[in-house]
Amino acid sequence: MTTYLVTGASGQLGQRVVDHLRSLVPAEDIIALVRSNSAREAFEAKGVATRTGDYEDLESLRKAFDGVDRLLLISSSEVGKRADQHRNVLEAARDAGVGFVAYTSILNADSGGMALAQEHNATEAALRESGLPHAILRNGWYSENIAGTAPQALEMGQHFGAAGDGRFATASRQDFAEAAAVVLAGEGHEGKTYELAGDTDFSLSDYAALLSDMSGKPVTYVNLDEASYTGALVGAGLPEGFAAILADSDARAAFGALTTQSRDLSRLIGRPTTPMRETLKAMLG
């Protein structure tokens, strides 16, 4: 029997990974790492065992990883703390004798120049230095990241950004979750780095036109410089540090950071990636 553990299992990506993993391996071989009783109860209702662990509590991770063969490290959402948290996970995995680790990094981590990539690059380096057999899953932008602002864009008739004519090769969160499950459950992925993104890309002007077409309401793309976009995001209620990171990501997208010609994602999931139109359709109802 092979035992599979998914960290960050109660998050939006993690839940989808566990659900797809259940279609690939027996549910009794899956362990979801959680931090709350409500998450534990939700997984156990699906027949999935849970263990409690926190990225900042090394001993809890060592206990959680005991007897685990293959582990998916879903990157922490705590920007600024992630490199140290991920090192804890890798140390615990090594101590527990885990046989394989897959890690969710970011698209073009070593070449895109995004501030958001810094902690991912540090984790990739730590993973290589750990000696653990591993695969790196460089996830591109989720379509939901952009489509989530559609209601505001429709209300204002404008979608704001700082990407210029830069292209975004997005895919749905479900697409990325299925790829992670496939790699965790499969063989032959050791030593691989996958650049995961949608089969097609688009500019934010293209996105605004699509939103207009689907809604019947005119929406235009308004391109701002990075500093102005940061200010707009802060004005919309985001913390300044996080707003700056998002604006930086948009600005780097202008130079290709969030697009790729790789078709690793569709190859892994065995089907075309989900078009933005489908994600928007689901979100707009």
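Fair warning: this is a prediction, and the values are worked out from it, not measured in the lab. This chain uses plain numbering: 1 for the first residue, then up along the sequence.
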Salt bridge between Asp66 and Arg51, side-chain N to carboxylate O under 4.0 Å? no
For the CZ atom of Arg82 and the CZ atom of Arg87, what is their distance to the nearest 0.5 Å? 13.0 Å
Looking at Gly164 and Asn223, what are the two nearest heavy atoms and their distance? N-OD1, 2.8 Å
Are Val34 and Val48 grouped together when hydrophobic residues (ILVMFWY) are joined by side-chain heavy atoms under 4.5 angstrom apart? yes
Nearest heavy-atom pair of Glu190 and Pro133: which atoms, and what distance? CG-CB, 3.9 Å
Taking atom CZ of Arg277 and atom OG of Ser143, what is their separation to the nearest 0.5 Å? 13.0 Å
Measure from the side-chain N and O atoms of Ser212 to the backbone N and O of Ala208, and report whether any donor-acceptor pair falls under 3.5 Å. yes
Between Leu73 and Thr104, does a side-chain contact (heavy atoms from CB on, under 4.5 Å) hold up when you go through it step by step? CA-CA 7 Å; Leu73 168 54; Thr104 61; over 6 Å; no
Do Met214 and Tyr221 belong together in a cluster built from hydrophobic side chains that touch within less than 4.5 Å? yes
Could you tell me whether the side chains of Thr260 and Glu195 share a donor-acceptor contact shorter than 3.5 Å? no
Determine, stepwise, if the pair Glu91 / Arg62 fulfils salt bridge (Lys or Arg N to Asp or Glu O under 4.0 Å). CA-CA 8 Å; Glu91 181 177 341; Arg62 288 192 177 107; 3.1 Å; yes
Transitive ILVMFWY side-chain link Leu196 to Ile74, under 4.5 Å: yes
Let's go through Arg16 and Asp19 carefully: what are the C-alpha distance in whole Å and the side-chain angles of both, what is the deciding distance for salt bridge (Lys or Arg N to Asp or Glu O under 4.0 Å) to 0.1 Å, and is it a yes or a no? CA-CA 5 Å; Arg16 288 173 171 81; Asp19 285 344; over 6 Å; no
Measure the acute angle between the ring planes of Tyr103 and His120, then classify it against the limits of 30° and 60° as parallel, tilted or perpendicular. tilted
Does some side-chain heavy atom of Asp225 sit less than 4.5 Å from a side-chain heavy atom of Tyr229? no
Working for side-chain contact (heavy atoms from CB on, under 4.5 Å), residues Trp141 and Thr170: CA-CA 5 Å; Trp141 236 223; Thr170 70; 4.0 Å; yes
What's the shortest heavy-atom distance between Ala243 and Thr230, and which atoms? CB-O, 3.8 Å
Would Arg40 and Glu44 satisfy salt bridge (Lys or Arg N to Asp or Glu O under 4.0 Å), going step by step from the backbone distance to the final call? CA-CA 6 Å; Arg40 175 181 56 78; Glu44 290 180 353; 3.3 Å; yes
Hey, are the side chains of Leu72 and Leu5 touching, using non-hydrogen atoms and a 4.5 Å cut-off? no
Side-chain donor-acceptor pairs of residues 150-163 under 3.5 Å, sequence neighbours excluded:
none

Would you kindly say whether Tyr142 and Thr279 are connected by a side-chain donor-acceptor distance under 3.5 Å? no
Run the side-chain donor-acceptor check on residues 108-115: report pairs under 3.5 Å with partners two or more places apart or on a different chain.
residue	atom	partner	partner atom	Å
Asn108	ND2	Ala257	O	2.9
Asn108	ND2	Thr259	O	3.1
Asp110	OD1	Arg138	NH1	3.1

Looking only at non-hydrogen atoms, find the nearest pair between Ala147 and Met276 and report the distance. CB-SD, 4.1 Å
Which pair of heavy atoms, one from Ile31 and one from Val68, lies closest together, and at what distance? CD1-CG2, 4.3 Å
Please determine, by modelled atom types, if Ser266 and Asp199 share a side-chain donor-acceptor pair under 3.5 angstrom. yes
Are Gln15 and Phe43 side-chain neighbours, meaning at least one heavy-atom pair lies under 4.5 Å? yes
Between Leu24 and Phe176, is there a shared hydrophobic cluster once you connect ILVMFWY residues whose side-chain heavy atoms come closer than 4.5 Å? yes
Roughly how far, to the nearest 0.5 Å, is CD of Glu124 from CD of Glu119? 12.5 Å
Are the side chains of Glu144 and Ser172 in contact, using a 4.5 Å heavy-atom criterion? yes
Nearest 0.5 Å, please: how far is CD1 in Ile146 from CG in Asp250? 7.5 Å
Given side-chain hydrogen bond (donor to acceptor under 3.5 Å, both in side chains), test Ser203 with Asp165 step by step and report yes or no. CA-CA 6 Å; Ser203 69; Asp165 295 325; 5.6 Å; no
Do Asp69 and Tyr4 make a side-chain contact, defined as non-hydrogen atoms from C-beta onward lying under 4.5 Å apart? no
Can you tell me how far the CG atom of Asp54 sits from the OG1 atom of Thr7, to the nearest 0.5 Å? 11.0 Å
Is Leu107 close to Asn139 at the side-chain level, that is, under 4.5 Å between some pair of heavy atoms? no
Tyr194 vs Ser262 side-chain heavy atoms within contact, under 4.5 Å: no
Please determine if Arg70 forms a cation-pi arrangement with Phe100, meaning its NZ or CZ atom is less than 6.0 Å from the six-membered ring centre and no more than 45° off the ring axis. yes
With no hydrogens and no angle check, do the side chains of Asp29 and Thr3 hold a donor and an acceptor under 3.5 Å apart? no
Which value, rounded to the nearest 0.5 Å, describes the distance between Leu268 atom CG and Thr273 atom OG1? 12.0 Å
Who passes ring pair (Phe, Tyr, Trp, His ring centres under 6.0 Å) against His134, sequence neighbours left out? none
Derivation and outcome, side-chain contact (heavy atoms from CB on, under 4.5 Å), residues Leu127 and Ile136: CA-CA 9 Å; Leu127 190 51; Ile136 295 170; 4.1 Å; yes
Side chains of Leu61 and Leu33: does their closest heavy-atom pair fall under 4.5 Å? yes
Can you name the nearest heavy-atom pair linking Gly188 to Lys192, along with the distance? O-NZ, 3.3 Å
For a salt bridge (Lys or Arg N to Asp or Glu O under 4.0 Å) check, start with the C-alpha distance between Asp175 and Arg271, then their side-chain angles and the critical distance, and finish with the verdict. CA-CA 9 Å; Asp175 293 344; Arg271 59 171 175 78; 2.7 Å; yes
With a 4.5 Å cut-off on side-chain heavy-atom distances among I, L, V, M, F, W and Y, is there a chain of contacts connecting Val234 to Leu246? no
Tell me whether Lys46 at atom NZ has more than 12 heavy atoms from other residues, nucleotides or ligands lying less than 6.0 Å away. yes
Apply side-chain contact (heavy atoms from CB on, under 4.5 Å) to Thr200 and Arg167, showing your working. CA-CA 9 Å; Thr200 59; Arg167 313 291 290 181; over 6 Å; no
